[in-house]
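Everything quoted here is computed from the prediction, not taken from an experiment.
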Amino acid sequence: MKNVVLENKRTVKSSILSLMLLVALSITSFSFAQNPDNAKALGILTFKTNVIDYGTVEKGTDKLRVFTFTNTGKAPVLISKVKTSCGCTVPSYPKKPILPGESASIDITYNTNRIGQFTKTITVMSNAEEALQRLTIKGKVVAKS
C-alpha cells in the first residue's frame, strides 16, 4: 500500500512538472510569435511604378524604358528570372542579390519596328515576399514623319 501511495505521488509530481513545462513553452512560443522581428525576414521589391507608358513614339526609335525599385524588406532579394509576354520585349536585370535598402533597375527594350498600339507584360520572379510581380509597358508606335 505504501508503494502505491509513493508511486501516485511520483505520478502527480511528474504530471505537474510536465504541465508547468508545457505552460512555460507555450508562453515562450506565444511571445516569440508576437514579436514581428522574429518572423521570417523577407525582401520586398517596391517598384517606383508598375506601368510605363511610352506614349507615342516613331517607328524604330525610343526603345528603352527602366523600371526602378528598392528592396524595402529585411533580407536580400535575388531576381531569378524576368519573363516577357513576347519576343519583341527584351529585359535586362541584376543577377546579384539586392540588399535591404538598395535600389536597382530592370531595363526593358521594346522593338518599336511594329506600327500600332501595344501593351506588354513583364513578370519578375524572385525570392521576395511577393514572388511574382507584373510590370506593364504600353504605348503607340507611328510611322516616321
Side-chain angles (χ1 to χ4, degrees), residues 6-145:
L6 283 175
E7 189 63 34
N8 283 343
K9 283 184 179 181
R10 284 186 193 141
T11 303
V12 170
K13 282 183 183 179
S14 177
S15 295
I16 290 173
L17 285 174
S18 295
L19 182 61
M20 288 173 60
L21 181 61
L22 183 63
V23 169
L25 286 173
S26 296
I27 290 170
T28 303
S29 296
F30 181 76
S31 297
F32 187 81
Q34 295 303 308
N35 186 348
D37 292 336
N38 294 329
K40 183 177 179 187
L42 292 174
I44 300 170
L45 291 182
T46 303
F47 283 87
K48 188 173 182 180
T49 183
N50 288 1
V51 178
I52 292 180
D53 189 345
Y54 275 63
T56 302
V57 296
E58 287 187 344
K59 179 180 177 181
T61 64
D62 205 19
K63 299 176 180 188
L64 179 69
R65 293 296 185 269
V66 178
F67 286 94
T68 56
F69 62 89
T70 301
N71 178 357
T72 58
K74 295 184 177 188
V77 172
L78 181 62
I79 297 174
S80 55
K81 190 173 187 179
V82 177
K83 284 178 46 175
T84 60
S85 58
C86 80
C88 59
T89 309
V90 179
S92 176
Y93 59 94
K95 308 298 191 266
K96 66 176 187 72
I98 296 90
L99 302 176
E102 197 173 65
S103 294
S105 63
I106 296 175
D107 297 342
I108 302 296
T109 303
Y110 176 70
N111 182 349
T112 57
N113 286 329
R114 296 179 185 163
I115 292 177
Q117 293 283 129
F118 66 90
T119 300
K120 303 299 175 189
T121 303
I122 299 99
T123 305
V124 180
M125 292 166 256
S126 71
N127 65 334
E129 184 176 90
E130 191 175 340
L132 292 177
Q133 288 188 279
R134 288 197 171 59
L135 308 172
T136 303
I137 57 168
K138 62 182 182 176
K140 182 178 182 180
V141 178
V142 295
K144 286 188 177 184
S145 308

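- Judged as a ring-ring contact (aromatic ring centres under 6.0 Å, His included), and not counting sequence neighbours, Tyr93 has no contacts.
- Every residue two or more places apart in sequence or in another chain that forms a side-chain contact (heavy atoms from CB on, under 4.5 Å) with Thr84 is listed here: Thr89, Pro91, Ile122.
- Of all non-hydrogen atoms in Gly73 and Pro100, the two that sit nearest each other are O-CB, 3.4 Å.
- The salt bridge (Lys or Arg N to Asp or Glu O under 4.0 Å) check on Asp62 picks up Arg65, with sequence neighbours excluded.
- Evaluation of the side chain to side chain donor-acceptor pair (under 3.5 Å) rule for Asp107 yields no partner, not counting sequence neighbours.
- Environment of NZ in Lys81: sparse, with no more than 12 heavy atoms of neighbouring residues, nucleotides or ligands closer than 6.0 Å.
- Of all heavy-atom pairs between Asp53 and Gly139, the closest is OD1-CA, 3.8 Å.
- Partners of Ser80 under the side-chain contact (heavy atoms from CB on, under 4.5 Å) rule, at least two apart in sequence or in another chain, are Met125.
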- prompt: Checking side-chain contact (heavy atoms from CB on, under 4.5 Å) for the pair Tyr110/Val141: CA distance, chi angles, key distance, verdict?
  reply: CA-CA 11 Å; Tyr110 176 70; Val141 178; 4.2 Å; yes
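- Taking each heavy atom of Pro97 and Leu78 in turn, the nearest pair found is N-CD1, 3.9 Å.
- In this structure Lys96 satisfies the salt bridge (Lys or Arg N to Asp or Glu O under 4.0 Å) test together with Glu102, sequence neighbours excluded.
- A distance of 9.0 Å separates CG of Leu64 from CD1 of Ile108, quoted to the nearest 0.5 Å.
- For residues 82-93, no residue pair satisfies the salt bridge (Lys or Arg N to Asp or Glu O under 4.0 Å) rule, not counting sequence neighbours.
- Here CG of Asn50 is found 11.5 Å from CZ of Arg134. Values are rounded to the nearest 0.5 Å.
- For the pair Ile106/Ile79, a side-chain contact is recorded, criterion being any heavy-atom separation below 4.5 Å from C-beta on.
- Residue pairs meeting the side chain to side chain donor-acceptor pair (under 3.5 Å) criterion with at least one member in residues 113-127, sequence neighbours excluded, are Asn111-Asn113.
- Sorted by first and then second residue, the side chain to side chain donor-acceptor pair (under 3.5 Å) pairs involving residues 136-145 (not counting sequence neighbours) are Glu58-Ser145.
- Residues satisfying the side-chain contact (heavy atoms from CB on, under 4.5 Å) criterion with Lys48, sequence neighbours excluded, are Thr68.
- In this structure, the side chains of Phe118 and Thr112 stay at 4.5 Å or more apart for every pair of heavy atoms.
- Within the structure, ring-ring contact (aromatic ring centres under 6.0 Å, His included) pairs that include any residue of residues 56-75 comprise Phe47-Phe69 (at least two apart or interchain).
- For the side-chain contact (heavy atoms from CB on, under 4.5 Å) test, residues two or more places apart in sequence or in another chain that qualify with Ser103 are Thr70.
- Here the straight-line distance linking atom OG1 of Thr109 with atom NZ of Lys63 works out to 8.5 Å at 0.5 Å rounding.
- A distance of 7.5 Å separates OG1 of Thr46 from CG of Asn71, quoted to the nearest 0.5 Å.
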